[in-house]
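Because the structure is a prediction, the values reported are computed rather than measured.
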Amino acid sequence: DGPVRFPGSNGRYRRRGAADRAARRRDDSRRAADAAALTESVAVALGSRFGVALTAPLNIYTVGEFSARMHGVFDRVRAFDSIAVSGEVSEWSERNNAVYFTLKDSRAVLQCVAYSSRAQKFPNVGPGSAIVAQGRVRVAEWRSRYELLVESVRLTGIGELFQQYEELKERFRRLGYFDREHKLPIPAFPRVVGLVSAQGKGAEDFMTTLQERAPQVRIEFIQTRVQGLGADVEIAEALDRAARGRPDVIVLARGGGSYEDLFPFNCEPVVRAVWRCPTPIITAIGHPADHHLADEVADYVCETPSNAAQF
C-alpha cells in the first residue's frame, strides 16, 4: 500500500508519498460522503414504500469533507463541463495572471475567472457589458465556493451591435468611403426629390414641410421597411430603385427609435448602396443625437426629416 520508490531520489519519494496519502484521504472522504448519501436515499425509499417515516442518522462533516463532497457533485454532473451563462459584467479586475469578474442579473450573481491567456482573446468588455460567458464550473475547495472558469466571451445586445459598428466603421474608413473628396454636391434648386423611408411620422414630417416651403418640388416616395430583420437589404434595394428614377437628390429618412431599431443604417448593405449611388444623398435619420455609418458616407447629413425638407 506504500508509495512507489524512485531510485536515487529520496526527496522525490517523500513528496510522492505525501501526495498519494493526501489523494487517498480525499477519496476516502468522498466515498464516505457518497455512502452517507446512499444510506439517506435508501431510508427515504423504504419509508415511501412501507408508509413509515425512516430517517437516516444525521451525518456531521468537517468543512474540508463538505467542500470535497460538493466538489464531487460538480465533477460528476457532465452538464457543468461546458456551460454558457449570460449576464451583465461587474467588479472587473486583473491580478496573478488572471481576470476576475462577476456576472449578474436581477436574481443572482456568479463569480467568474479567466486565465490571462484566454482573456486576451475576449472582446472589449468591462463593467456594464452584456455578455455570454462559456466555460466550466469548478469548486474552489479552499473557499467552498463554486465559480465559472471562463474560456470564451461574446458580447450580446447593444454591446454586440456596437462591436459590429466599430468593426465596419474601421473597415470602410480604410477603404476611403468617408473621405470628403468623394462627396457629391447637393443641387441648389432640385425639381424632383426621391424619398426613401417607411410610411410613418418621419416621412410625413418631410413631405408636409417640403410641400409648405416648396410646393413646386415633386416627391417620388420609395417605401421600404426601416427596422427589423432584413431591413438593411430592403433599404439598399430601395435606394437603388430611387436612383434608377433619376431624381435630382435622394433623401434617406426615418423618425426616431432605439439604438437597435436604427441599427440597419449601420449595416453594410446600406453603406454600400449609399456609396455606389450616382445621385446625391441626404440622410435624415432619427434624432439630433443619433449618428450612423450611412451618415458618414452620405453627401450631406440633416438631423431630422423636417430639417432635411427645410434644407
Side-chain angles (χ1 to χ4, degrees), residues 19 22-42 44-45 56 59 61-168 228-229 258-260 263:
R24 284 199 298 273
R25 283 197 297 271
R26 287 195 297 271
D27 290 342
D28 290 344
S29 296
R30 288 172 183 170
R31 281 195 292 271
D34 291 343
L38 179 61
T39 301
E40 184 176 354
S41 298
V42 170
V44 172
N59 292 294
Y61 303 98
T62 66
V63 174
E65 290 170 343
F66 173 80
S67 186
R69 184 178 182 184
M70 293 305 299
H71 189 283
V73 169
F74 282 102
D75 278 349
R76 288 192 296 271
V77 180
R78 297 180 64 87
F80 293 133
D81 289 343
S82 181
I83 192 167
V85 183
S86 65
E88 180 182 320
V89 175
S90 66
E91 301 178 8
W92 182 280
S93 64
E94 301 180 25
R95 62 182 185 276
N96 301 328
N97 295 318
V99 171
Y100 299 86
F101 61 95
T102 301
L103 274 184
K104 66 178 182 179
D105 61 12
S106 60
R107 297 178 58 189
V109 297
L110 173 64
Q111 301 300 319
C112 302
V113 59
Y115 297 123
S116 296
S117 57
R118 292 280 187 179
Q120 290 173 358
K121 301 176 183 178
F122 293 172
N124 186 21
V125 299
S129 299
I131 67 168
V132 172
Q134 186 272 328
R136 61 182 177 87
V137 176
R138 74 173 186 180
V139 175
E141 289 191 42
W142 62 96
R143 288 179 293 179
S144 297
R145 187 177 74 178
Y146 67 87
E147 59 191 12
L148 186 66
L149 181 61
V150 181
E151 298 176 358
S152 64
V153 163
R154 64 178 177 87
L155 293 165
T156 61
I158 291 179
E160 183 179 26
L161 294 178
F162 185 73
Q163 183 183 24
Q164 293 177 20
Y165 170 88
E166 289 295 327
E167 290 173 353
L168 281 173
L229 186 64
S258 67
Y259 186 81
E260 294 93 333
F263 198 76

query = Can you name the residues that form a side chain to side chain donor-acceptor pair (under 3.5 Å) with R107, not counting sequence neighbours?
reply = none
Rounded distance [0.5 Å steps], CD in Q111 versus CG in L148 = 11.0 Å
Compile the donor-acceptor pairs under 3.5 Å between side chains in residues 127-134 and protein atoms, sequence neighbours left out, one pair per line.
{"from": "S129", "atom 1": "OG", "to": "G126", "atom 2": "N", "distance (Å)": "3.0"}
{"from": "S129", "atom 1": "OG", "to": "G126", "atom 2": "O", "distance (Å)": "3.0"}
{"from": "Q134", "atom 1": "OE1", "to": "S152", "atom 2": "OG", "distance (Å)": "3.3"}
{"from": "Q134", "atom 1": "NE2", "to": "S82", "atom 2": "OG", "distance (Å)": "2.8"}

note = To the nearest 0.5 Å, atom CD of E147 lies from atom CZ of R136 at 10.0 Å
key: Inter- and intrachain pairs under ring-ring contact (aromatic ring centres under 6.0 Å, His included), touching residues 101-128, at least two apart   = W92-F101
message = Could you report the tightest heavy-atom contact between P123 and R154, atom names first, then the distance?
response = CG-CA, 4.4 Å
ask   = In chain order, what residues pass the side-chain contact (heavy atoms from CB on, under 4.5 Å) check against E91, with sequence neighbours excluded?
value = T102
inquiry  = Distance check, rounded to the nearest 0.5 Å: R145 atom CZ versus R138 atom CZ?
reply    = 9.5 Å
query = Which residues pass the side chain to side chain donor-acceptor pair (under 3.5 Å) test with S117, sequence neighbours left out?
reply = none
ask   = Which pair of heavy atoms, one from S116 and one from A98, lies closest together, and at what distance?
value = OG-N, 3.1 Å
Partner residues of Y146 under the ring pair (Phe, Tyr, Trp, His ring centres under 6.0 Å) criterion, sequence neighbours left out = F74
note = In this structure, CG of N59 is separated from CZ of R69 (nearest 0.5 Å) by 7.5 Å
ask   = Given V99 and V150, is the side chain to side chain contact (heavy atoms under 4.5 Å, CB included) satisfied, shown in steps?
value = CA-CA 10 Å; V99 171; V150 181; over 6 Å; no
Reported CG-to-SG distance for the pair L149 and C112, which is rounded to 0.5 angstrom = 9.5 Å
